[in-house]
Amino acid sequence: MNEHVPSHFIEEIIENDLKKSVSRENLRFRFPPEPNGYLHIGHAKAICLNFELSRKYGTSINLRFDDTNPTKEGQNYVNSIKKDILWLGFKWDKECYASDYFEQLYQWAKKLIWKGKAYVDEQSQEVILAQRKTPFEAGIESPYRRRSIKENIELLERMRAGEFEEGQYVLRAKIDMNSPNMNLRDPIMYRILKKSHHRIGKKWCIYPTYDWTHGQSDYIEQISHSLCSIEFENHRPLYNWYLDQIYEDGKIKPRQCEFSRLNLSYTIMSKRKLQRLIEKKYVQGWNDPRLPTLSGFRRRGYSPEAIREFCNKIGVTKRDNVVDISLLEFSIRKQLNKTAPRVMVILDPIKLVIENYPPKYGIRNLPFSKRLYIEREDFMEVGSKKFFRLCLGGEVRLKNAYIIKGISVIKDYEGKIIEVHSFYDYKSLSGSNTKESLRKIKGTLHWVSSEHSIKVEVRLYDRLFSVPFPDGNKERDFMDFINPNSLKVVQGYGEPSLREAKKGNIFQFQRLGYFCVDPDTYKERIIFNRTVTLKDSWKKVKQ
RNA sequence: GGACCCGUGGUGUAAUGGUAGCACAGCAGAUUUUGGUUCUGUUAGUCGGGGUUCGAUACCCUGCGGGUCUACCA
């Protein structure tokens, strides 16, 4: 439905191409991660974009690993990336690897030499960089730029044969050392790296660079629209230049389109910076629930549906953007509100004694008794008009149970309240439909029966950073803004039904938030992660 | 200094030359046995200056602001 109403500018480009150059069945997409880190929610934006485009147009989509740098990549990353995409709810048609195209790339490189469009340079990296100069001035051509075709071919073959050391030779495209676009100042196509590759081992000792690989891989797979983030915009002329060298009539010439990457408030997205947080032990690993990685969100209790909905909501443009984290929280709350079973758990207990309650009674499935726990925060000796929770002389409903009235407190020698005493109205049981049970009482508290409750570990996660744009300050390092209270571990008291909770289950702890069972849970010790709090309009009144 | 890209409420995003709309956040109220949910209402915006046009958020010029580029990373 609505197939002809583009929902963002990339669809508009596609619709235009459909009218002009490309037929519908030739539309093809790809998601091209480098296997050198874990996927984060910024990747999810790109994944949703590409996969949903392929779904919309009924065409195929490849997962392609951009594995051209054996010094940084690994099979563990390949595995985690596949797992995360599947978890998000998407299935690719072909699983591809740029490393499978190395032979073709090599042959094309030779073709470029034959055309006089590439040459082997033997200057040091420092010299090559220096000759490139800056964007504001002309570069200097390499003295090896005019090497003969025969010699170039021979040297490239010897590079491949492993006759040289790393850094001794490189293959460069011969484009324009005066271009204002630095990518066109004779970019490197091949470098010597005597490293074993995670997939193809020691088959190669020269590796193609990203620019010399990406567009050609798109071409081999006949990708019609190659979507990437905005920082590749300046690479597009090079992308097209390479394709022009190898293009054959009748084939699809891929089109690169750029869109802006996702930034989320109160967090960071850069792989390198995430890595730093992990190395410095501010978080416990790539799947720490505070991280914006997909594995982190999964552990935190976020559902793939919520993440997909979020990605659809944020749109696709070319502007800089910082999306408010509350939009993500809205997505997960919206879903969990519909699906999560409600239970009662006390996180910061205070004892509540119901003096006139007979010791033996109970409510089926949810034991009620004379001695309960309620949240310390839910009691004040002297209430106020705004505070409609328990206070001395005031009435409150215990959720799914009785109406009680506070009558006295017991304090320790420091004056801290250790016990609240109350009376209950035995006719006021919830759902009993008595006149007393139908009385309007402003406040309702959650509770657990102290003798029946089970102890649980609860990990209260909060934002990783205490400022909205930890990354946006040029003078200060993002590490300065780490929220020291991003994790608080407490012992809670849960209703006994939680004994049956399984890893990954998610509940609403009534009046507190949504919590999921952590994989670290074992038989005697159930661990809950707080996914997100409930919206709390009381917190605002208090402040 | 150069090239390329981008400027719409606090945030994200629509409007493709014809009433500036939606969502989140905020605020107010109603409902509520979760201060949740739900419902209703509401505050708030086209970066500035010129031009083209009956009419400009859109097109042109210019200024300003922001981003990217000076890797043998992707």
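Chain letters run A, B, ... following the sequence lines, proteins first and then strands; every chain starts at 1. Only this structure's heavy atoms are used, side chains among them; waters, hydrogens and symmetry mates stay out.
Taking atom P on both nucleotides, rG2(B) is separated from rG48(B) by 25 Å, rounded to a whole Å. Rounded to whole Å, the C1' atom of rC24(B) lies 16 Å from the corresponding atom of rU42(B). Of the C1' atoms belonging to rG9(B) and rG49(B), the separation is 23 Å, rounded to the nearest Å. Distance check on atom P: rU32(B) versus rG45(B) gives 36 Å, rounded to whole Å. The separation of rU57(B) from rU8(B), taken at their P atoms, amounts to 14 Å, rounded to a whole angstrom. Comparing the same atom, C1', in rC27(B) and in rA44(B) gives a spacing of 11 Å after rounding to whole Å. rG10(B) sits 34 Å from rU70(B) when the P atoms are compared, rounded to a whole Å. Distance check on atom C1': rG1(B) versus rC69(B) gives 14 Å, rounded to whole Å.
Where Ser326(A) and His8(A) each meet RNA chain B at their nearest nucleotide, the meeting point lying more 5' is that of His8(A).
Side-chain contact between Ile85(A) and Phe31(A) is present, with heavy atoms from C-beta onward closer than 4.5 Å.
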Exercise for the section: Classify every nucleotide of nucleotides 65-74 of chain B by which part a protein heavy atom approaches to under 4.0 Å, writing B for the base, S for the sugar-phosphate alone and - for neither, in 5'-to-3' order. Expected result: -SSBSBSBSB

Completion exercise
With sugar-phosphate taken as primed atoms, P, OP1 and OP2 and all else as base, the protein-contact string of nucleotides 31-48 of chain B at under 4.0 Å (heavy atoms; B, S, -) is -SBBBSS-----------

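To the nearest angstrom, P of rA15(B) lies 12 Å from CD of Glu11(A). Rounded to a whole Å, the CD1 atom of Ile325(A) is 17 Å from the C1' atom of rA23(B). We find that CZ of Phe330(A) is positioned 12 Å from P of rG26(B), with the value rounded to whole Å. What separates CD of Gln256(A) from P of rC5(B) is a distance of 14 Å, to the nearest Å. Between Asn321(A) atom CG and rA14(B) atom P the separation is 11 Å, expressed in whole Å. Between the C1' atom of rA58(B) and the NZ atom of Lys318(A) lies a distance of 17 Å, rounded to the nearest Å. In this structure, the CZ atom of Phe310(A) is 13 Å from the P atom of rA25(B), given to the nearest Å. Counting to the nearest Å, the P atom of rA15(B) and the CZ atom of Phe9(A) are 12 Å from each other.
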Handout entry: Met269(A) and Leu262(A): CA distance, side-chain angles, deciding distance, side chain to side chain contact (heavy atoms under 4.5 Å, CB included) verdict
Key = CA-CA 8 Å; Met269(A) 221 60 96; Leu262(A) 166 68; 4.1 Å; yes

Exercise for the section: Evaluate the side chain to side chain contact (heavy atoms under 4.5 Å, CB included) criterion for residues Tyr373(A) and Ser453(A): first the C-alpha distance (whole Å), next the side-chain angles of each, then the deciding distance (0.1 Å), finally the verdict. Expected result: CA-CA 9 Å; Tyr373(A) 290 128; Ser453(A) 68; 4.1 Å; yes

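Under a 3.5 Å cut-off, the side chain of Ser437(A) and the backbone N or O of Thr434(A) do form a donor-acceptor pair. The main-chain N or O of Tyr77(A) is found under 3.5 Å from a side-chain atom of Ser80(A) such that the two form a donor-acceptor pair. Checking side-chain atoms of Arg397(A) against main-chain N and O of Ser428(A) turns up a donor-acceptor pair under 3.5 Å. Under the 3.5 Å distance criterion, the side-chain polar atoms of Lys194(A) are matched with a main-chain donor or acceptor of Phe164(A).
With salt bridges taken as basic N to acidic carboxylate O contacts below 4.0 Å, none links Glu141(A) and Lys174(A). A salt bridge links Lys56(A) and Glu11(A); the closest N-O separation between the charged side-chain nitrogens and carboxylate oxygens is under 4.0 Å.
No hydrogens or angles considered: nothing links the side chains of Asn36(A) and Glu73(A) as a donor-acceptor pair under 3.5 Å.
Stems are defined here as 3 or more consecutive Watson-Crick or G-U wobble pairs with pairing distances under 3.5 Å; those involving RNA chain B are B:2-7 with B:64-69, B:10-13 with B:21-24, B:26-30 with B:38-42, B:47-51 with B:59-63.
Geometrically, Arg199(A) engages Tyr97(A) in a cation-pi contact defined by less than 6.0 Å to the ring centre and at most 45° from the axis. Annotation: cation-pi geometry satisfied between Arg463(A) and Tyr266(A) (NZ/CZ under 6.0 angstrom from ring centroid, within 45° of ring axis).
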